[in-house]
Amino acid sequence: MTREQFEELVSQALDRIPPELMRLMDNVAVFVEDEPEPGDPDLLGLYEGTPLTDRGEWYAGVLPDRITIYRGPTLRMCETHEDVVAETEITVVHEIAHHFGIDDERLHALGYG
């Protein structure tokens with residue numbers, strides 16, 4: 001799968017997020033990269049920033065939070081195109097949930113681990 005095709009899957013996954021949740025997202029940008037840092041080659045996605053639940057009056061003038069979805073590990077773990085579509089959607093939801101302050105333990109319990 002080309003990078004452009006994978007980027008389109010990420011875009012489609014974002015389009016499936018309910019509009020009422022998308023409106024609540026604040027100061028966050030989503031990126032696609034081919035590979036994560038060498039120390040974590042199986043990482044599918046990464047949220048970097050300050051979750052909405054941790055922001056206070058001090059939160060102003062900061063760079064956007066960053067959600068990165070990694071193409072290489074996703075393609076290596078999936079056997080079919082349908083698997084890639086499903087895993088990409090799960091990863092996008094997982095990282096957006098971190099933006100809302102939901103931790104990994106809760107996400108795993110909800111099936112987004």
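All values below come from the heavy atoms of this structure, side chains included, with hydrogens, waters and symmetry mates left out.
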Tell me whether [X] shares a hydrophobic cluster with [Y], the cluster being built from Ile, Leu, Val, Met, Phe, Trp, Tyr side chains joined at under 4.5 Å.
X	Y	answer
Leu43	Val84	no
Leu52	Leu110	yes
Leu44	Ile102	no
Leu46	Phe6	no
Leu14	Leu9	yes

Grab the two heavy atoms, one from [X] and one from [Y], that are nearest each other, plus how far apart they are.
X	Y	value
Ile69	Ile67	CD1-CG2, 4.0 Å
Pro41	Pro73	O-CG, 3.3 Å
Asn27	Leu63	ND2-O, 3.4 Å
Ala97	Leu107	CB-CD2, 3.4 Å
Thr68	Glu48	OG1-OE1, 4.4 Å
Ala29	Pro64	N-CB, 4.3 Å

Check your understanding: Is there a side-chain contact between Asp42 and Met77, using heavy atoms and a 4.5 Å cut-off?
Key -> no
Could you verify whether a donor N or O on one side chain and an acceptor N or O on the other, from [X] and [Y], lie under 3.5 Å apart?
X	Y	value
Tyr70	Asp34	no
Asp54	Tyr59	no
Gln5	Thr2	yes
His94	Asp104	yes
Arg55	Thr53	no

For the atom pair [atom1] ([X]) and [atom2] ([Y]), what is the distance rounded to the nearest 0.5 Å?
X	Y	atom1	atom2	result
His98	Ile96	NE2	CD1	11.5 Å
Ser11	Glu4	OG	CD	13.5 Å
Leu75	Asp83	CG	CG	11.0 Å

Check your understanding: Ion pair present between Arg66 and Glu95, side-chain N to carboxylate O less than 4.0 angstrom?
Key -> no
**Study point:** SB check Arg3 Glu8 (cutoff 4.0 Å)
**Key:** no
Practice item. Take Val62 and Thr50 through the test side chain to side chain contact (heavy atoms under 4.5 Å, CB included) and record every step on the way to the result. Key: CA-CA 10 Å; Val62 299; Thr50 304; over 6 Å; no
Show me, pair by pair, the donor-acceptor contacts under 3.5 angstrom made by side chains of residues 15-25, not counting sequence neighbours?
from	atom 1	to	atom 2	distance (Å)
Arg16	NE	Glu89	OE1	2.7
Arg16	NH2	Glu89	OE1	3.0

**Study point:** Under 3.5 Å donor-acceptor, Thr91 side chain and Glu87 backbone
**Key:** yes
Review point. Any donor-acceptor pair under 3.5 Å linking the side chain of His81 with the backbone of Val85?
Key: no
